[in-house]
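In the text below, chain A, chain B and the rest are named by the order of the sequence lines, each starting its count at 1. In this text, all values refer to a predicted model and were calculated from it rather than measured experimentally.
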2 protein chains.
Amino acid sequence: MNSAVVPDTPRTPVSVTVDLVIFTVRDDALHVLLVKRGKEPFMGDSALPGGYVRPDEDLDAAALRELSEETGVDGRELRLAQLRAYGDPDRDPRGRVITVAYLALGPDLPDPVAGTDAADAVWVPTQEALAPGYGLSFDHGRILSDAVEEARSRLEYTTVAADFCREPFTISDLRRVYEVIWGTALDPSNFRRKVLRTAGFVEPTGERRTAEAGRPAALYRFGGATELYPPLLRSGDVLG
Amino acid sequence: MNSAVVPDTPRTPVSVTVDLVIFTVRDDALHVLLVKRGKEPFMGDSALPGGYVRPDEDLDAAALRELSEETGVDGRELRLAQLRAYGDPDRDPRGRVITVAYLALGPDLPDPVAGTDAADAVWVPTQEALAPGYGLSFDHGRILSDAVEEARSRLEYTTVAADFCREPFTISDLRRVYEVIWGTALDPSNFRRKVLRTAGFVEPTGERRTAEAGRPAALYRFGGATELYPPLLRSGDVLG
DNA sequence: GGCCTTAGAGTCAAGGTGACCAAAAAATCC
DNA sequence: GGATTTTTTGGTCACCTTGACTCTAAGGCC
């Protein structure tokens, strides 16, 4: 790929994998999908779902396939986006393995079905998975914390928060996503004003939903816009 | 890296490279560093500098090394950041090569010195390099245009624009960076106000510089902040 | 000095923001 | 049935930022 000095095909055995950080919001907490490793290294430990990129497969395609295999979710419904590549020489004891991490946000997804590849996949509160003692395999702790920060940032500048909400949803559903991921409390009235003024973020269905308590809320669906302009900057009070 | 089904070590011959998109502002135009390829494939064509990642080398280290080899610049002075990974199976005719693209912005760098690896490296106006007829090798056209968009975006939310300016610089130098990369005209007075109000973006040296014409401008150095809060959103008039 | 050029200060109206209040519309409890 | 609670939704208001604009400062050049 370069000019003269580099040998043409340095045959260092190197493998490429994709790893998926799949977030969802459950019980007012951010959860991440993890699998229990069935073999060495790190057998029995938790890890992000992922796997080898196949010989004739694009990186994005590999990520979509893994997402589908591990969770049964059709990734085309979600916005699967590259986070970054991780290539520390010592990150995998088996040898040189470079991984491309992807980030996907989904609505409260069904529990992984037994009998599939994802038999032992579980939703884990992100905070718990990041705790020092939890022991994520490889450098997945680092990847996960990068992904959390990236998700927080994407909420400011894009409409991904809507990916967390199954349609139709209420403005409050959307607000709760922001509050959970940012860890801050937002003023319901001001949040509502901002969301509705941003063209293409949400559009009303005309229906209403009556929850356990309180005035019934108007229902919305996603409006199709991907960018948030102006951005919705975080500056609320940090929740206890 | 995954659970049961995936074979342990799929020995698809796969190589990993880093490619560098190094921008600078010259003559009021964004330039990118390109090299002429000295061998097949794409011999004689232009390409982004880059090369194979060595067996025991981290991705970031490989990018720093290539930057230094190709341009003589100590990359630690710059902010070298990952753009994303590209892994289309057909992107390299030699076989499966996955590349991790990096983005670096530098002040008007010296012309590449002959006799080094970068003997045939040249600064090319980005617009020219992106023209359909220019014929960048591999998928480097795609990488470059992704990098341009990423640079535009980073100018909004980070202080990278200062990387383009050799210290000490004037507020107008900084403004010109924004104008060139965004392709918009900015109001000098309003731009100045925003830059000075953002803590840590620039700090005054107390000196002044008298240019070819006009009132001497106060000189500043970079203030150390990396994030720009609030962001400096682009909304100026598009330049002819 | 007169003129050109660029830097930098200031003004002002429009619009966005956060803090806050109040009404509407349901469920629940007495 | 009425009061209370809860959540949605609409509104106000003071403050700040923004963009457009004007005006002054300070150099070089003729």
Side-chain angles (χ1 to χ4, degrees), chain A residues 28 155-157 165 168-180 182 184-221 227-239, chain B residues 28 155-157 165 168-180 182-199 201-221 227-239:
Chain A
D28 288 341
L155 251 53
E156 295 187 298
Y157 305 118
C165 300
F169 54 86
T170 69
I171 302 276
S172 292
D173 291 339
L174 197 59
R175 176 168 49 84
R176 227 152 276 139
V177 170
Y178 276 89
E179 292 183 330
V180 163
W182 285 351
T184 61
L186 299 174
D187 182 273
S189 187
N190 294 337
F191 179 83
R192 172 191 178 73
R193 180 176 55 190
K194 290 212 68 168
V195 167
L196 291 180
R197 203 168 25 73
T198 304
F201 197 172
V202 299
E203 49 190 39
T205 65
E207 309 282 307
R208 330 190 120 256
R209 171 202 297 163
T210 163
E212 305 135 15
R215 171 175 174 174
L219 290 171
Y220 297 83
R221 72 175 71 87
E227 302 298 309
L228 218 43
Y229 227 75
L232 228 159
L233 303 175
R234 44 187 148 157
S235 61
D237 296 317
V238 176
L239 290 176
Chain B
D28 287 341
L155 250 54
E156 296 187 298
Y157 305 118
C165 301
F169 54 85
T170 69
I171 302 276
S172 293
D173 292 339
L174 197 59
R175 177 168 47 85
R176 227 152 274 141
V177 169
Y178 276 89
E179 292 183 329
V180 164
W182 285 352
T184 61
L186 299 174
D187 182 272
S189 188
N190 293 338
F191 179 82
R192 172 190 178 73
R193 180 176 54 191
K194 289 212 69 167
V195 168
L196 291 181
R197 204 168 25 74
T198 303
F201 197 172
V202 299
E203 48 189 39
T205 66
E207 309 281 310
R208 325 188 124 257
R209 171 200 297 163
T210 163
E212 305 134 14
R215 170 177 174 173
L219 290 171
Y220 296 83
R221 71 175 72 88
E227 302 297 309
L228 217 44
Y229 227 73
L232 228 159
L233 302 175
R234 44 187 147 159
S235 62
D237 297 318
V238 175
L239 289 177

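Considering CG of Asn190(A) and CZ of Arg175(A), their distance stands at 10.5 Å, rounded to 0.5 Å.
Summary of the strand contacts: Ala213(A) and Asp187(A) both lie near DNA chain D, and taking for each the nucleotide with the nearest heavy atom, the more 5' one is attributed to Ala213(A). Toward the 5' end of DNA chain C, the nearer of the two residues Pro216(A) and Leu219(B), judged by each one's closest nucleotide, is Leu219(B).
In this structure, Arg192(A) reaches the dG10(D) phosphate: one of its side-chain N or O atoms is under 4.0 Å from OP1 or OP2. Of the side-chain N and O atoms in Thr210(A), none sit less than 4.0 angstrom from OP1 or OP2 of dA26(C). Of the side-chain N and O atoms in Lys194(A), one or more sit less than 4.0 angstrom from OP1 or OP2 of dT17(C). Applying the 4.0 Å criterion to OP1 and OP2 of dC4(C), one finds that Arg215(B) has every side-chain N and O outside that range.
Contact of Arg193(B) with dG19(D) (side chain to base): a donor-acceptor pair of N or O atoms is detected under 3.5 Å. At a cut-off of 3.5 angstrom, counting only N and O atoms as typed in the model, there is a donor on one side and an acceptor on the other between the side-chain of Ser189(B) and the base of dA9(C). Arg208(B) contributes no side-chain N or O that forms a donor-acceptor pair with the base of dG27(D) under 3.5 Å.
Between Leu232(B) and Lys194(B), the closest heavy-atom pair is CA-NZ, 4.1 Å.
Atom pair Leu186(B):CG and dT6(C):P shows a separation of 16 Å (rounding to whole Å applied). Taking atom CG of Asp28(A) as the reference point, atom P of dT7(D) lies 11 Å away to the nearest angstrom. Per the geometry, CG belonging to Leu232(B) stands 13 Å off P belonging to dT17(D), to the nearest Å.
Residue Arg175(B) is in sugar-phosphate contact alone, with no base atom involved, counting any heavy-atom pair closer than 4.0 Å across all strands shown. Residue contacts shown for Arg197(A) are limited to sugar-phosphate atoms, with no base heavy atom under 4.0 Å away. Here Thr170(B) lies out of heavy-atom contact (under 4.0 Å) with every strand.
Closest to the Arg176(A) side chain, of the nucleotides dT8(D), dT18(D), dG11(D), is dT8(D).
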